[in-house]
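For reference, the structure discussed in these notes is given below.
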Amino acid sequence: MSHFNHAANTWDSEDKIKLMGELAQKTLQVLNISKEVDILDFGCGTGLFGLEFINIAKSITGVDTSHGMLEVFNKKTSDQDHIRSINIDLEKVDLDEKFDLIISSMTFHHLDSPDKMTLKLASMLRDGGKMAIVDLETEDGSFHPDPKAMGVKHFGFSNEEIVGWADAAGLNVEITTINTRTKNLKKYNQFLAVFYK
Ligand SMILES: C[S@@+](CC[C@H](N)C(=O)[O-])C[C@H]1O[C@@H](n2cnc3c(N)ncnc32)[C@H](O)[C@@H]1O
């Protein structure tokens with residue numbers, strides 16, 4: 001996605017570092033995982049969200065379509081043998097691996113088929129595994145200044161949609177609002193959906 005290649009070098013602003021760090025810490029609290037696990041970060045970007053999971057990581061695999069975002073991710077993790085990145089579009093290509101924990105932050109609204117991706121990710125989850133997705137609740141399309149140019153395919157998601165993905169994938173799901181962002185005086189909720197296999 002060319003938008004992210006252009007944005008990569010300036011992606012890690014002070015605000016984003018703080019916000020994504022807080023979202024990841026809240027997600028970690030809800031997940032309550034105490035042992036080390038194999039983690040897939042789908043749409044890892046520069047790692048602002050996923051690298052916060054390092055304390056519970058046996059391994060972290062970051063997957064992203066944008067080589068620019070992954071260059072930044074790789075620079076941050078070059079001295080960590082248990083962290084790697086893979087530059088693929090997971091909607092088009094399969095990854096034949098299994099994980100204990102799958103995380104994904106602010107990526108699902110870029111997908112053509114979030115329902116099919118949930119099915120695919122569910123098949124990559126080990127039995128007893130968990131998947132945590134953070135994204136926008138349904139919004140009016142004003143969250144991104146230029147949605148089309150930024151590769152936005154969905155203006156957030158409703159709880160009904162998320163429960164539908166879980167049902168189709170045979171997973172249980174718990175959904176909570178974990179954050180409210182204010183932009184141009186408007187408020188946008190972000191959900192955390194934790195799926196259980
Ligand atoms: C808004 S960024 C979020 C990055 C990171 N998760 C975070 O929270 O800081 C969305 C990321 O998803 C990636 N992405 C979008 N569609 C994808 C796909 N089909 N397969 C892999 N990565 C994808 C983009 O390249 C981008 O880096």
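Atoms within each ligand, like the ligands themselves, are counted from 1 in listed order.
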Query raised in the report: Among E97, H82, R84, which one satisfies side chain to side chain donor-acceptor pair (under 3.5 Å) with T61?
Result: R84
Report task. Would you check if L51 and I83 make a side-chain contact, meaning some heavy-atom pair closer than 4.5 Å? Result -> yes
Requested in this report: Kindly indicate whether the side chain of I56, heavy atoms from C-beta on, has any atom under 4.5 Å from the side chain of I39.
Outcome: yes
Report task. Say whether L90, considering both its backbone and side-chain N or O atoms, lies within less than 3.5 Å of an N or O atom on ligand 1. Result -> yes
Query raised in the report: Should you measure from each heavy atom of L48, which atoms of ligand 1 turn up under 4.0 Å away?
Result: 9 (O)
Query raised in the report: Nearest heavy atom to atom 24 (C) of ligand 1: which of I103, D64, V134, D89 does it belong to?
Result: D64
**Report entry** N/O separation below 3.5 Å, D41 to ligand 1
**Finding:** no
Query raised in the report: For atom 1 (C) of ligand 1, which of M69, M106, H144 has the closest heavy atom?
Result: M106
Requested in this report: Return yes if a side-chain donor-acceptor contact under 3.5 Å exists between N5 and S66, otherwise no.
Outcome: yes
Requested in this report: Would you check if the side chain of S13 reaches a backbone N or O of K16 as a donor-acceptor pair within less than 3.5 Å?
Outcome: yes
Report task. Report, in ascending order of atom number, the atoms of ligand 1 lying under 4.0 Å from any heavy atom of F49. Result -> 8 (O)
Query raised in the report: Are any non-hydrogen side-chain atoms of M150 and H144 less than 4.5 angstrom apart?
Result: yes
Report summary line: Closest to atom 6 (N) of ligand 1 (heavy atoms only, candidates G45, G43, G151) is G43
Query - Where ligand 1 meets S66 - atom numbers and elements under 4.0 angstrom, heavy-atom basis - result: 25 (O)
Requested in this report: Ignoring hydrogens, just give me the one of D12, T65, L51 whose non-hydrogen atom is nearest atom 21 (C) of ligand 1.
Outcome: T65
